[in-house]
Every structure is written in structure tokens, then in C-alpha cells.
2 protein chains.
Amino acid sequence: MQESLTIGQLAARSGVAPSALRYYERLGLIRADRTGGNQRRYARTELRRVAFIRVSQQVGVSLEEIREALDSLPASRTPTAADWAELSAAWRARLSEKIRLMTKLRDDLDGCIGCGCLSLQRCVLYNPDDKLSGEGPGARLMLPRPEPAASACGDCASAPAPA
Amino acid sequence: MQESLTIGQLAARSGVAPSALRYYERLGLIRADRTGGNQRRYARTELRRVAFIRVSQQVGVSLEEIREALDSLPASRTPTAADWAELSAAWRARLSEKIRLMTKLRDDLDGCIGCGCLSLQRCVLYNPDDKLSGEGPGARLMLPRPEPAASACGDCASAPAPA
DNA sequence: CCTTGAATTGAAGTGGACTTCAACTCGACC
DNA sequence: GGTCGAGTTGAAGTCCACTTCAATTCAAGG
């Protein structure tokens, strides 16, 4: 079993394209040693990092946030199982919270569908405090804060629940 | 109570910026009538559409997919509560599936943390069939399919669970 | 009628996460 | 020692979901 991996090997084992791995390196999420001929050689432990990155992305965490989390690992020594466990515990909480919000969203959706309403302030779906997941891409500088804008929902007066 | 809303009013009531509403219209997600002077006037029912769009986005659905879903609403008549209920039922299923995957992810993470491993093929976290959420932005044309790449995980041999 | 805040357009810019390209060098095997 | 796939770089391109800008027109109140 080799000590280090080429970028191609890491890519194959992690399912992440080489170009993405270079990109991660530029952002400081992973690191690599270099051969005499300037080629990257990855320690096997980098596999864990890449795995952590992908798992975190699945949950909607940005690379910047992931970088910050990874920065909490000890730089001086190879991270131990305990180090990883600590890091992952925080992520677990994050996941749980996301699950909670999504479950709430689903249940609220159920409630709102009863009246066919799905209108904004009324239905809790729009609760700006309980924001789920990333705010999405794009340059979002426009509104300082959408404001609660509380007002009666005029769209619920219609039909009751269909059979 | 007014029959129709200006773009500013719709924006205020939905918490979506006017520019975003125009963008949605370009993509065919919502529609507006025009005044003599070419200004948009939205029927109140558009509020439901916007609500649906935002809720769906929270769950990680792309605007293109949302458009397809909205296209299933009857174009000839104003959608009834039943129409919306049908549409939302499909979304509910989607949500439930997402919740299921996320819960699995969390539990797998727990399992993997025990050994500090979190390495790829071994830990189920990486299961490419159970893909959670969107694939993220960016031009992704590179790998036709990452392939299972099944191979033994050489990173689990280390420490047992920390106290 | 005049003002003033809201609306219009198309084109261009933004941010995140990558990918693609071109020109070049490494390095493992025959 | 030659070949050829794998690796290197920086710059530029891409996709999504918007935002920002500038120039201009609307529309409601005084």
C-alpha cells in the first residue's frame, strides 16, 4: 500500500475531479506535498478531508465554512480520531437542525395544503428566522432585511379542503 | 382590497426582490398583466406561486424544475385548492425523501465517527445512488460518471473510538 | 400641471464552485 | 532513450440565480 497518492488516484478514490481537488487546494481545504518534478502527492489522511468536504457540501455548507471548520483541526500533528470526532459532532448538530427545519417545513406544507392556501405570512413556511439551507448563489446585496411585513393573508378565504 | 398588485407590492408581500420577480417572469415561473403604461399588475394568485417557488427553493429544487412543476397547473383556469394540493403532495414526497436521506447521512456520520474514519467507499456517506440535494452550481461536464470505484478502505485500521 | 416615488428595459456584473483549454513537463515502462 | 498517459499552470469559460446600472417612463397626490 502506497504512502501517498497522486492527484489522479485521490480523484478516483474520492470521486472528485482532479480540477476540483486543485481548486480545493487553492482555497486551503486540502494540502499536498510535491515531488522533485513538482507533482502533487497526497497523504492518505487527505482522503478524510475530502470525504468531510463532500459530506458537508451535501448538507449545503459552503466551502468557506468548511474551510473554517477544517482549520480547527490541529495543523502541527496529524489529526487523531478524537480530533475528527469533535469536528463531526458539531456537524451532526448542524445536520439535526436541518432535519428539524425540513420536517417542520413538510408538516407546515401539509397544514397549508388543507386550505389550498400556501400564502406567505400566514403559512409558517416563510418564517425568515427559521431559514433553512444556504441562501443560494448570486449577488444578494439588495434588501438590507426583507422585514417581517406582517399583514393578514387575503388569500385564504377561498375553498375549504378538497375531498 | 385591491384586485391586483404592483411589482413593489408583490415584492413586499412575498419578501422577494422586484428584480427576482422579473427574473422569474422571464423564466416563465410567474406571469403578470400590463397596464396601459406597460407596468406589471399581478393577480393575487401569483402570491401562491411565489410562495411555492420559495418553499421549493428551500428544499434545493432548481428554478427549472420548479417551472416544470408549475407547468402542471392548469393554464386555462385559475388553479383551485385541489390543483395546488396535488402539486404539493408531490413536493411533500420529495421533502420526505430528502429528510430520509439526511437522517441516514447523520446516522452514518455517527457510525463513522466512532472509528474516526470517515473514509470514502467504506462509509456509506458517499453512496452515489443516494444523492442528496442538487449537484451544486458550476459547469460539470467532466466525468461521465464517477464509477463506484469499489476498493477496500485502508484508512480504518487506526484508533478505535475515543472515550 | 408638476413633482416624486415606483416601474420599465437591456446589458452587464456578481458569487460560488468548478471546468476547460493550451502549452508544457513528469515519470513509469518497454 | 523513447513514448505516452498523467500531471502542471494560469487564464478564461460556464451555470445558476440573481443584482446593479443607467436611462427613461408611469402614475398618484397636491
Side-chain angles (χ1 to χ4, degrees), chain A residues 2 4-30 32-42 50 53-68 133-146, chain B residues 2 4-30 32-42 50 53-68 133-146:
Chain A
Q2 304 157 250
S4 59
L5 306 168
T6 67
I7 197 170
Q9 290 167 338
L10 182 56
R13 294 183 65 88
S14 66
V16 173
S19 60
L21 293 174
R22 294 195 194 98
Y23 179 65
Y24 291 165
E25 186 176 338
R26 275 222 314 281
L27 299 191
L29 281 88
I30 58 177
D33 297 323
R34 296 298 181 122
T35 65
N38 197 35
Q39 296 199 351
R40 289 173 182 81
R41 285 303 120 94
Y42 295 94
V50 177
I53 293 167
R54 299 309 277 200
V55 166
S56 303
Q57 276 194 312
Q58 299 240 317
V59 197
V61 183
S62 73
L63 291 182
E64 172 58 18
E65 278 188 286
I66 296 170
R67 193 190 54 70
E68 284 166 25
S133 86
E135 310 239 309
R140 60 195 60 277
L141 306 167
M142 202 163 207
L143 302 170
R145 268 293 146 190
Chain B
Q2 304 156 248
S4 59
L5 306 169
T6 67
I7 196 170
Q9 289 168 335
L10 182 56
R13 294 183 66 88
S14 67
V16 174
S19 60
L21 293 174
R22 292 195 197 96
Y23 178 65
Y24 292 165
E25 186 176 337
R26 274 222 312 282
L27 300 190
L29 280 87
I30 57 178
D33 297 322
R34 297 298 181 120
T35 65
N38 197 36
Q39 295 198 353
R40 289 172 182 81
R41 284 304 121 93
Y42 295 94
V50 177
I53 293 166
R54 300 309 276 200
V55 166
S56 303
Q57 277 193 311
Q58 300 240 314
V59 197
V61 183
S62 73
L63 290 182
E64 173 58 19
E65 277 189 287
I66 296 171
R67 192 190 55 69
E68 284 167 25
S133 85
E135 310 237 307
R140 60 193 61 276
L141 304 167
M142 202 162 205
L143 304 169
R145 267 292 145 189

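Residue numbering restarts at 1 for every chain, and letters A, B, ... go by the order of the sequence lines.
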Work out which heavy atom in [X] is nearest to a heavy atom in [Y]; give both atom names and the distance.
X       : Y       : answer
A/Ile66 : A/Ile53 : CD1-O, 3.7 Å
B/Ser4  : B/Gln9  : O-OE1, 4.1 Å
B/Leu63 : B/Tyr24 : CD1-CE2, 3.9 Å
B/Val16 : B/Val50 : CG2-CG1, 3.8 Å

Just how far, in rounded Å, is [atom2] of [N] from [atom1] of [X]?
X       : N      : atom1 : atom2 : result
A/Arg54 : C/dA17 : CZ    : P     : 11 Å
A/Glu64 : C/dC18 : CD    : P     : 14 Å
A/Leu29 : C/dG16 : CG    : C1'   : 13 Å
B/Gln9  : D/dA28 : CD    : P     : 10 Å
B/Ile30 : D/dC18 : CD1   : C1'   : 13 Å
B/Leu27 : D/dT19 : CG    : P     : 12 Å
B/Ile66 : D/dC18 : CD1   : C1'   : 14 Å
B/Glu25 : C/dT9  : CD    : C1'   : 12 Å

Between N or O atoms, less than 3.5 Å apart, protein on one side and nucleotides 8-12 of chain D on the other: list the pairs.
{"from": "D/dT8", "atom 1": "OP1", "to": "A/Arg40", "atom 2": "N", "distance (Å)": "2.6"}
{"from": "D/dT8", "atom 1": "OP1", "to": "A/Arg40", "atom 2": "NH1", "distance (Å)": "2.9"}
{"from": "D/dT8", "atom 1": "OP2", "to": "A/Arg22", "atom 2": "NE", "distance (Å)": "3.3"}
{"from": "D/dT8", "atom 1": "OP2", "to": "A/Arg22", "atom 2": "NH2", "distance (Å)": "3.3"}
{"from": "D/dT8", "atom 1": "OP2", "to": "A/Arg40", "atom 2": "NH1", "distance (Å)": "3.3"}
{"from": "D/dT8", "atom 1": "O3'", "to": "A/Arg34", "atom 2": "NH1", "distance (Å)": "3.4"}
{"from": "D/dT9", "atom 1": "OP1", "to": "A/Arg34", "atom 2": "NH1", "distance (Å)": "3.2"}
{"from": "D/dT9", "atom 1": "OP1", "to": "A/Arg34", "atom 2": "NH2", "distance (Å)": "3.1"}
{"from": "D/dT9", "atom 1": "OP2", "to": "A/Arg40", "atom 2": "NH1", "distance (Å)": "2.8"}
{"from": "D/dT9", "atom 1": "OP2", "to": "A/Arg40", "atom 2": "NH2", "distance (Å)": "2.7"}

[N] phosphate, OP1 or OP2, under 4.0 Å from [X] side-chain N/O:
X       : N      : result
A/Tyr23 : C/dG16 : no
A/Thr35 : C/dC26 : no
A/Gln57 : C/dC18 : yes
B/Thr6  : C/dA7  : yes
B/Tyr24 : D/dA17 : no

**Asked** Taking only residues two or more places apart in sequence, or in another chain, which ones meet B/Glu25 in a salt bridge (charged side-chain N to carboxylate O under 4.0 Å, His left out)?
**Response**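 Counting only residues at least two positions away or on another chain, B/Glu25 forms a salt bridge (charged side-chain N to carboxylate O under 4.0 Å, His left out) with B/Arg34, B/Arg40.
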**Request:** Please list, chain by chain and in numerical order, all residues satisfying salt bridge (charged side-chain N to carboxylate O under 4.0 Å, His left out) with A/Arg67, sequence neighbours excluded.
**Result:**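 Once residues adjacent in sequence are excluded, the partners of A/Arg67 under the salt bridge (charged side-chain N to carboxylate O under 4.0 Å, His left out) criterion are A/Glu64, A/Asp71.
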**Request:** Name the closest nucleotide to the B/Ala17 side chain, picking from D/dA17, D/dT19, C/dC18.
**Result:**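 The answer is D/dT19.
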**Asked** Roughly how far, to the nearest 0.5 Å, is CG of A/Leu21 from OG of A/Ser14?
**Response**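 Between atom OG of A/Ser14 and atom CG of A/Leu21 there are 5.0 Å.
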